[in-house]
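We number each residue from 1, following the sequence as shown.
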Amino acid sequence: TVVLTAVNGEDTNGWSNLLTAVDTAAAGDTIFLCTTEDVTIPTNGMDIGIDQSISIVNGSGFDVTFDSEFASSEFFISPAGKGGAIDVTFEGLGFANFYDGAIYANFNDFDSTLTVEDSRFSYGYDSAIFLDGNDSGHLVITDSYFDDNESNYRGGAITAQDINTVSVSGSTFIGNESYNGSGGAIWMEDYSGADASLTVHNSTFSYNTADDWGGAISLDDVDLTVTGTTVFDHNATQEDDGGAISAKGGWVTVYEDRI
């Protein structure tokens with residue numbers, strides 16, 4: 001457990017204390033962040049590296065937000081150091097004002113999973129979440145909120161390349177942008193023949209934009225399945241190629257109610 005102490009709404013030692021907790025954790029541990037009030041944690045330009053299975057969870061009923069203050073600072077996930085698949089979970093957290101992504105994962109051909117639950121990513125640059133699977137790996141997004149993130153070329157909120165599966169459920173993407181590129185909210189491509197797929201369930205995509213293809217979602221050689229009440233509203237591209245969705249080389253299947 002990391003106990004956060006807010007002074008004027010910030011815990012300036014919170015990031016370094018979390019770094020210590022991650023470095024000393026055993027595989028499979030859960031680190032709880034506990035506070036008695038809403039707190040912002042400046043990341044101080046430092047990365048936190050994760051190379052084993054671990055969960056980082058908001059252990060209180062208050063907001064806990066990591067603020068990179070537009071410095072290059074992120075959670076960097078790579079299982080290569082331990083040489084095996086890992087499962088990493090973030091739950092109940094906020095990520096704001098990051099540069100070069102809030103979470104970067106390179107799965108290095110290990111069949112690892114990144115899970116994000118009940119979290120918010122706001123006002124970031126170069127994709128909120130960036131994953132490189134090298135023909136492996138999985139991303140699971142549940143009950144999360146992505147707003148006003150942007151990227152040059154790839155997905156404003158999520159970029160996933162050579163990942164086996166991405167699953168999005170109960171989540172909202174609003175006002176995200178890919179300038180000089182495609183996939184205002186989500187950009188996913190399969191360069192390696194990984195039989196990649198994206199599943200979207202009961203989610204909302206609104207006012208996302210891209211200069212090229214797919215105002216909300218851009219896919220290349222990726223199968224898409226949309227289920228439940230999934231809403232696409234006022235997404236747009238400069239090129240008029242897939243205002244909501246651009247899908248090349250994969251199957252698109254839509255079930256149930258959607259707008």
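A salt bridge is absent between Asp126 and Arg154: the closest approach of a Lys/Arg side-chain nitrogen to an acidic carboxylate oxygen does not fall below 4.0 angstrom.
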Quiz prompt | Test log, rule ring pair (Phe, Tyr, Trp, His ring centres under 6.0 Å), inputs Phe75 and Phe66 | solution = CA-CA 11 Å; Phe75 289 95; Phe66 302 111; 5.4 Å; yes

Self-check item: Stepwise side chain to side chain donor-acceptor pair (under 3.5 Å) check, Asn208 with Asn176
Solution: CA-CA 5 Å; Asn208 302 287; Asn176 302 286; 3.0 Å; yes

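The closest donor-acceptor contact from the side chain of Asp220 to the backbone of Asp190 lies at 3.5 Å or more, if one exists at all. Checking side-chain atoms of Ser182 against main-chain N and O of Trp213 turns up a donor-acceptor pair under 3.5 Å. With hydrogens and angles ignored, the 3.5 Å screen pairs no side-chain donor or acceptor of Ser53 with any backbone N or O of Gly28. A donor-acceptor pair under 3.5 Å is absent between the side-chain atoms of Ser119 and the main chain of Val116, judged by distance alone. At distances below 3.5 Å, not a single donor-acceptor pair connects side-chain atoms of Thr20 with backbone N or O atoms of Leu18. The main-chain N or O of Trp251 is found under 3.5 Å from a side-chain atom of Asp223 such that the two form a donor-acceptor pair.
Side-chain atoms of His138 and Asp111 form a donor-acceptor pair, as typed in the model, at a separation below 3.5 Å.
Ring-plane geometry between Tyr104 and Phe130 is classed as parallel, the angle between the planes falling under 30 degrees on a 0 to 90 degree scale with a further cut at 60.
Both Ile31 and Ile50 belong to a common hydrophobic cluster when Ile, Leu, Val, Met, Phe, Trp and Tyr are linked at side-chain heavy-atom distances under 4.5 angstrom.
Within the structure, the side-chain hydrogen bond (donor to acceptor under 3.5 Å, both in side chains) test picks out the following pairs touching residues 27-48 (sequence neighbours left out): Thr43-Ser68, Thr43-Ser73.
In this view, Asn58 and Ser60 satisfy the side-chain hydrogen bond (donor to acceptor under 3.5 Å, both in side chains) rule, not counting sequence neighbours.
Checked against the 6.0 Å centroid criterion, the rings of Phe70 and Tyr99 do not qualify as a close aromatic pair.
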